[in-house]
Participant: 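Can you keep this structure in mind? I'll have questions shortly.
For reference, positions follow the sequence shown, starting with 1.
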Amino acid sequence: MSGNSQYRITHRMVPLICQALIAAPDDETVWLEGLRMLANPKLKQALTLTSSIWLSLLLRGLEITKPVAVINSALNLLTHVSEILEPMKSCLLKPLRALGREKQFENMVEFINVVEKLDLTVWNSEKKPIGRPQSARTAPNSQATTPLPSGSDQAPAQKEQHPLLAEILIHNLPPKSRTVQQAWSQTLFSSAHDNPKIWLHNLYQATLEASNVPELVIASKLGHLIHEELFQTAFMHCYVQLEADASFKNVVDNTLMLLLNDPSISQDITIVILELIAFFNKDKREFLPGVHKAAKNCALNHFDGALNSPLPGIVLWYVEQNAESFPIQENIANLVETNIRVGSAGYDAAWSTLLWLERDWKVEAEPIWITQLSHWQQALDAQNKLDHNQEGTTFSSFNTKMICYHALGCYQQGYELAQNLFEGLDDLERRNTAHWATAAAWHMGDFETMADYLAFHPKGTSKSLYKAIIDVHNGQYASAFHHISKAQSLSYDEVQVQLNVGPQLAHRSLAKTELLVELQEVIQYKSQPELRENLISTWKTRFKKSHADPNTWLKRLELWTLACPPTTTGLQSCFIDCAKLCESAGMHQAAENILRKITPSITPLGCKVEYTRFRFEWKSAYQHHDQHKMCQVLDRLIKHTQAYMKDIGVDQAELERQGLGLQPLTVLSGCDPTHHHTLSRRYFRIAEWTAALQGDDWITDETSQVLNYTSLASKIDNNWYAACFSLAERSLAIFETNEFSRSDNMAVSSYIVPALRGLFQSARTKENPEFVIKALLRLVTLWFRFGENIAVLVEVENQLSLTSVAPWLSTIPQLIARLGTPNKELQHTLINLLKSISSQYPHAVIWPLLTATQTSKSEHQEAARAITNFICTMPDGIRLVDQAELVGRELIRVSASLMEKWRSIIEKIIPRTDLMDCPWHEVPSIWEHDMLYLKAPETPDDEQFVQVFGDQLFQVDKALRRYKNNRQISIVNFAYQELYKLYGDLEAQINQWKQPGSKLHLADTAPRLLSIRDCVLTVPGQYDPNMKLDDQAFIDSFSPIVDILSSKMLPRKLVIRSYTTDYTFLLKGNEDLRGDERIMQLFNLINTMLSHNSDAFSRNLHLLPYEVIPLSPSAGLVSWVSNTQQLQSMIMFNRAKNYQQDLNDKETASLLGHDPKTWNPKRENPRFDPPAEMDRYDKLPIPTKVERLKACLAHSKQSDLKDVLWQKSPSSDIWIRRRTNFARTVGVSSFVGYIIGLGDRHGSNILIDQLTWGALHIDFGDLFNVAQERSFLPEKVPFRLTRMMTNAFELASRGGLDVPGTRGTFKQASLIVMNVLRDSRSTVLAMLEAFLYDPLLSWTIGPNDPSNAEHGGSAQTSSESKPKKGKKPPVQTHIVPQSLAPQGIQGGSDLYDRIENSLITTYLENDSYMAKVSSGTEMTNSKALQVLSQIEKKLVGYHKDTARPLTINRQVQALIEEATDLENLSQGYVLGWIPQW
């Protein structure tokens, strides 16, 4: 055995032994054996490293209540580990002294040995010392301090303190700390002008020492950063101590005012004091009014500076408060500048405030403001407009134009402007603009002028980089290397500073480091010709992988021109890509300059530059709807392509005859791959532009060549994603538009088979994951839609043999969902594909397969079992499958106890009205399987259940079997009474679990989980196919204690341990999480799309997905999202903290039409009945509902969320980042939710990350607008955007607006995400199409359990459970006010019971949605297409009954207005949705 294996085994033994001891706290045999094993010398090293695990168990073994044999074993172990415990032996005093007072232990040899070895003083019952400690055997002059018990006649035994303890006491706890008066007299009242840093350090340290809090006193000895973090808390403790000394307190207040009013004081000190006063504001403690006035005056007047000079966040807090209190032009303008100066987190708020200023005060925005916010063209236009009305050019104008020209890539204009005006500037102005002038001269190739400008450039990374560039141009390589090295050393510090300002600035600095590397490579290129080919390849590869930023790319290209001309063949594609990026970014001049540089003197046939220019011209004509120009460009492209084919000797007519069909091309068999690449692009554009000119007519026009050209493009280059995917799209469009039948073999072979081939080819390309997933999802849908056709089946099998299995990993849920297909050939092909995936990635499929083996469809089970059997033939396959089945089975057992299962069974059986509504004669067969289990329970908990309730159940079962034969009504009465009583008993038992702190012990509930050893199963949801198998997170063990959360469904909080870390999950029973899994799949796809958009990337826009792992159709795991809190509970807790609970009742009273002054639901008689109240509320006219909601809103300012955000933020800078992130994540999630029709967005279905304030949505049970379309209390809003939420946004998002949220950070994030979703419409629809056609998913809620508002989502998706036709779902409450909450139930999720109004029910009542999913058939095409059509209309821009698509801005505006409209807010289930929150 290797040393490493030995090490792992010994270090795993200790935790395993301790688990056994924890699991059997009263089993003497287990404890004796466990303690004996821990005392094994081979574990000595492991014990040294794991004392935190076994020490508590050792102390438990020493308790006097333990058997003597166990105590004896514990003493033996203690002797064995005495050296390890030497620094911690004080914790042993209490248990050992308790043992010493017992007669049976005072003379025990093992006990005496322990006392002597640990050198402890322990007395017996007669107060005489036991044993002879080492300290008593030391030299006579030894010192000791061990105290004796009172009444002892023994001389004090002297003992030295442990060195570590003595050091802590000496160095951290002063014998006499300074008073507050002493501390602040020497620091706060001293002069702050000489050395501000030392003054602050002394104040921090003195305040912590005087706080009289031991933890803070000890921290005063730590570093400056710790002081700064704890200073505000320590100051408050000191300030509270001054309550009895009012005169000194006044002196402190006056000193703070003097410091704030003194403009000569260092800003570092001013910021600390401002943050301190804000901290007191959060804690509801107050200084004198004069202090607040001085702080406000200081923040508004003492921080003047340039727009590019950073500003602390605390200034924004004061400036925003002032603007909110006095919304005048001056204050709003000040707010614009302040938002700009706090960094990128305030840019969207600054832009929105600027729009506010323009709209309400008709003030033209300062061009420099617009420049700082990166709206370059608008800033340039504004500056030109301003200059038109002025004589001459001001420095501000020059500076603004230089910045804008640089950002837009207009280097020639910047160069000419600098040539004319730079010499006339003073030195300070030159330093401020030298960077832009230098860059312009560089890009224009004027290195002499560049050097002149560079002389005024401020020191830093950029100056050293430009010096190196000049040196390289002049061939001075040694000097260049010196400047490169200097720039690299400066760049590290620059990045560190800019990270605090914003990631965008830091990204630019990181781009400089890449330029420095490439500048070194330029020198190598020029000095070492043999490296040139490799260097060009490296540059090209690095360029393709770099972040697409046009300014950075332009600099990189300019750098390359120092080494080689732009027309260099290997780099031409990079220059063209940069031109395309500039064109798409609106930098038209830069794009044209690039094309001009790389245009060869003699244009070759098929020239890429000429082709790119065609694309730019087409884009311009298309945007201007210039049909004539578009036709001209298309004709030129066709002639360009014809000339190229003639030049390379390709017969155009023969080539185009081979376009359609599946036969490979023969015309190009001998052509170079570059010809394939070129011709493919040309034919693709011809097809695309022809289709654009013909409109939809090309689909039905038999003479149209669009499909032929598209097919040619895909055949010529079958590795190009765009052509292959377009072939699939266009082939399918023809098939569906012409309404061909699936039984039409000719049509299927002509259109569907090529479409499938195109999708397979798309999936095989090395395109980014977003596009590959889109192709695979469309492929799965088409495959199973037409899989019965022989031609389709043959093509699929052929293509599968050519496609690797890796891309299929992203579609495993969709593939496994199709295993139950009734077509055997289709099923056989799918099974073979899943076997291929399993052979390479068994861990990726094991959990979905485990779920599939437990569905009710036998075909599905058998197919899944066939794949698991195949896995068993692989190395370690049997262990993997067995362990997965064991873990899955036991976790399902933990997720729902027998009590919960039988309560659910009885609940379904007991009739609600008529006793004979239940088919009593069928009951024995319904619960037959469950009854059989009661005869052979497998766990201690189940055995206990059978002992308590088994006899009752057996009697009822026996009676109902008799009823099946004789049909005596007395038997029914007996069964009903017994079951009703049993249901009450079970309900009472289960309700006890809702008490806080309820736990399950796996030793009783699922003991097999504790016995797992050498697990080859990865932690659910943690498998990464891109990592080596040895580096994966394998299951090591399960925490023996499982917490029960006190919400309605009683989910479990489970911890799974691996060798690397612990993973926490929410284990949910009686819920199907397969739908939630698909939603998370969609969210991850959308995150990928957002990461590819520059605006979204720069703002870090994203959704917050989490892992969802279904274990069966009725149970699953959801990864635990730590540090989150329900939005609704945050508001409730804030009101409780401020003693404002009565507001809840007042608001509820106003909504329900009661008198808020007198209504008290606790004293109401009859008892408050929420369903009845909601039934009455639903019948009210809409104007009445609106008036009630207005009355409800009048009770408060709806500022709870805003207050919580401010109070929980440790600093103002963090407050700004959190507020910005909250607005952005709400915007992203709201509009994604709108697209998929996500409803039921009450406050406990939105979680807030307490560290970042990101908004996380859970519970995806109401999709596809079902909540909006239901007849009873419809949810008319597209997403949740209440006043409570908009008030938590920045001031500009609500100031001066009738509709809050229609401006600001939230609005900007919404515009960006809607733009991304609309641009990626086909990708989103591909995912949702596969989602809607999934045969295992039907979005509904369990018929007897409408409440599913649990953490992690609650889509009840099951084809096995279908509601009874015609049965109207019962109405239940979402939430009741806090004063009505059931006593003893903590949390809150149990209060939010959703109205059951599922899609399935809606399908039966209304023909406007998807068809219901039965166990044997898939969703009908017409219904699925209706849902997809609704979603597609949203993605195109249609809103309600609009005749034409709206622009993105108008669509977002309309949706925000709809979401905040009181009429819409008032129509829903107001007791649960709580529109006032």
Participant: The criterion is salt bridge (charged side-chain N to carboxylate O under 4.0 Å, His left out); which residues satisfy it with Glu1147, sequence neighbours excluded?
Facilitator: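 Only Arg1135 meet the salt bridge (charged side-chain N to carboxylate O under 4.0 Å, His left out) criterion with Glu1147.
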Participant: On a heavy-atom basis, which atom in Asn1144 and which in Trp1477 lie closest, and how many Å separate them?
Facilitator: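 Taking every non-hydrogen atom into account, OD1-CZ2, 3.2 Å.
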Participant: Residues two or more places apart in sequence or in another chain: which of them pass side-chain hydrogen bond (donor to acceptor under 3.5 Å, both in side chains) with Glu1463?
Facilitator: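 Expected list: none.
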Participant: Could you list the residues that satisfy ring-ring contact (aromatic ring centres under 6.0 Å, His included) with Trp369, not counting sequence neighbours?
Facilitator: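 Trp369 satisfies ring-ring contact (aromatic ring centres under 6.0 Å, His included) with no residue once adjacent residues are dropped.
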Participant: Donor-acceptor pair, distance only, cut-off 3.5 Å: does the side chain of Asn1221 make one with the backbone of Arg1217?
Facilitator: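 Side chain of Asn1221 to backbone of Arg1217: no pair is present.
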Participant: Checking Gln1198 side chain against Leu1193 main chain: does a donor-acceptor pair fall under 3.5 Å?
Facilitator: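 Yes, because the side chain of Gln1198 sits within donor-acceptor range (under 3.5 Å) of the backbone of Leu1193.
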Participant: For Asp1319, which residues count as a salt bridge (charged side-chain N to carboxylate O under 4.0 Å, His left out) partner, sequence neighbours excluded?
Facilitator: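 Result, salt bridge (charged side-chain N to carboxylate O under 4.0 Å, His left out) vs Asp1319: none returned.
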Participant: Specify the closest pair of heavy atoms between Ala345 and Ile1216, including all atoms of both residues, with the distance to one decimal.
Facilitator: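 In terms of heavy atoms, the two residues are closest at CB-CG2, 4.0 Å.
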Participant: Nearest heavy-atom pair of Leu373 and Ala350: which atoms, and what distance?
Facilitator: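 In terms of heavy atoms, the two residues are closest at CD2-CB, 3.8 Å.
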Participant: Taking all atoms of both residues into account, what is the closest heavy-atom pair of Met1089 and Ser1320, and its distance?
Facilitator: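 Heavy-atom minimum between the residues: SD-CB, 3.2 Å.
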Participant: With Gln378, which residues qualify under side-chain hydrogen bond (donor to acceptor under 3.5 Å, both in side chains), at least two apart?
Facilitator: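 Here the qualifying residues are His375.
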Participant: State whether Glu1173 and Arg1176 are salt-bridged, where the test is any N-O pair (Lys NZ or Arg NE/NH1/NH2 against Asp/Glu carboxylate O) under 4.0 Å.
Facilitator: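 Salt bridge flag = yes for Arg1176 with Glu1173.
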Participant: Let me confirm one number: the CE-CD distance from Met1130 to Gln1126, rounded to the nearest 0.5 Å.
Facilitator: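 Atom-to-atom, Met1130:CE and Gln1126:CD are 11.0 Å apart.
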Participant: What are the two closest non-hydrogen atoms of Gly1227 and Ser1310, and how far apart are they?
Facilitator: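 Taking every non-hydrogen atom into account, CA-OG, 3.7 Å.
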Participant: Answer yes or no: is there a donor N or O on one side and an acceptor on the other, between the side chain of Arg1270 and the main chain of Val1266, under 3.5 Å?
Facilitator: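 Checked: no pair found.
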Participant: Partners of Arg359 by side chain to side chain contact (heavy atoms under 4.5 Å, CB included), sequence neighbours excluded?
Facilitator: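 Leu1297, Arg1303.
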Participant: Suppose the criterion is side-chain hydrogen bond (donor to acceptor under 3.5 Å, both in side chains): which pairs have a residue in residues 1227-1236, not counting sequence neighbours?
Facilitator: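 side-chain hydrogen bond (donor to acceptor under 3.5 Å, both in side chains) check on residues 1227-1236 returns Ser1229-His1257.
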Participant: After noting the C-alpha distance and the side-chain angles of Trp356 and Asp360, does the key distance pass the side chain to side chain donor-acceptor pair (under 3.5 Å) rule?
Facilitator: CA-CA 6 Å; Trp356 182 12; Asp360 287 11; 2.9 Å; yes
Participant: For Asp348, is there an ion pair with Arg1099 - N to carboxylate O distance below 4.0 angstrom?
Facilitator: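 Between Asp348 and Arg1099 there is a salt bridge, with a charged N closer than 4.0 Å to a carboxylate O.
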Participant: Donor-acceptor pair, Asp1249 side chain versus Thr1252 backbone, under 3.5 Å?
Facilitator: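 Side chain of Asp1249 to backbone of Thr1252: a pair is present.
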Participant: Show every side-chain hydrogen bond (donor to acceptor under 3.5 Å, both in side chains) that has at least one partner inside residues 1183-1195, sequence neighbours left out.
Facilitator: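 Passing the test, one end in residues 1183-1195: Ser1150-His1195.
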Participant: Looking at Phe1289 versus Phe1222, is the centre-to-centre ring distance below 6.0 Å?
Facilitator: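 Ring centroids of Phe1289 and Phe1222 are less than 6.0 Å from each other.
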Participant: Can you sort out the partners of Gln1453 under side chain to side chain contact (heavy atoms under 4.5 Å, CB included), two or more places apart, ordered by chain and number?
Facilitator: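 Result, side chain to side chain contact (heavy atoms under 4.5 Å, CB included) vs Gln1453: Thr1302, Lys1307, Glu1457.
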Participant: Of all heavy-atom pairs between Gly1472 and Gln1128, which one has the smallest distance, and what is that distance?
Facilitator: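 Here Gly1472 and Gln1128 meet closest at O-OE1, 4.2 Å.
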Participant: Has the side chain of Asn339 got a donor or acceptor atom that lies under 3.5 Å from a matching backbone atom of Tyr347?
Facilitator: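 No.
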Participant: Applying side-chain hydrogen bond (donor to acceptor under 3.5 Å, both in side chains), which residue pairs with at least one partner in residues 1278-1290 are found, sequence neighbours left out?
Facilitator: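 Of all non-adjacent pairs touching residues 1278-1290, those that pass side-chain hydrogen bond (donor to acceptor under 3.5 Å, both in side chains) are Glu1290-Thr1305.
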Participant: Would a 4.5 Å heavy-atom cut-off, applied to side chains only, mark Val1324 and Leu1435 as touching?
Facilitator: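 Heavy-atom side-chain distance check passes, below 4.5 Å.
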Participant: Show your reasoning for whether side-chain contact (heavy atoms from CB on, under 4.5 Å) applies to Phe1306 and Leu1281.
Facilitator: CA-CA 10 Å; Phe1306 167 83; Leu1281 189 65; 3.7 Å; yes
Participant: So, using ring-ring contact (aromatic ring centres under 6.0 Å, His included) as the criterion, who are the partners of His1439 when residues are at least two apart?
Facilitator: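 Applying ring-ring contact (aromatic ring centres under 6.0 Å, His included) to His1439 gives none.
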Participant: Between Thr781 (side chain only) and Leu777 (backbone N and O only), is there a donor and an acceptor less than 3.5 Å apart?
Facilitator: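 Flag set: sc Thr781 to bb Leu777 pair under 3.5 Å.
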Participant: Check whether Thr1447 reaches the backbone of Arg1450 with its side chain - one donor and one acceptor, N or O, closer than 3.5 Å.
Facilitator: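 Judged by distance alone, yes, a pair lies under 3.5 Å.
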Participant: Between His1102 (side chain only) and Asn1100 (backbone N and O only), is there a donor and an acceptor less than 3.5 Å apart?
Facilitator: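 Side chain of His1102 to backbone of Asn1100, a donor-acceptor pair under 3.5 Å: yes, one is there.
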Participant: Run the side chain to side chain donor-acceptor pair (under 3.5 Å) check on Asp1203 and Asn1134 step by step: do they pass?
Facilitator: CA-CA 8 Å; Asp1203 295 341; Asn1134 184 63; 4.8 Å; no
Participant: Do Met1285 and Val1226 touch side chain to side chain, with heavy atoms closer than 4.5 Å?
Facilitator: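 Met1285 vs Val1226: side chains touch.
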Participant: Within the 4.5 Å heavy-atom criterion, are Lys1208 and Gln1125 side-chain neighbours or not?
Facilitator: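 SC-SC contact between Lys1208 and Gln1125 confirmed.
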Participant: Is it true that a side-chain atom of Gln1250 and a backbone atom of Ile1248 form a donor plus acceptor pair closer than 3.5 Å?
Facilitator: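 Flag set: sc Gln1250 to bb Ile1248 pair under 3.5 Å.
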Participant: For Ala1255, is there any backbone N or O sitting under 3.5 Å from a side-chain donor or acceptor partner on Thr1225?
Facilitator: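 Such a contact is found between Thr1225 side chain and Ala1255 backbone.
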Participant: Report the residues that fulfil side-chain hydrogen bond (donor to acceptor under 3.5 Å, both in side chains) with Gln1451, sequence neighbours left out, ordered by chain and then residue number.
Facilitator: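 Gln1451 satisfies side-chain hydrogen bond (donor to acceptor under 3.5 Å, both in side chains) with Arg1318 only.
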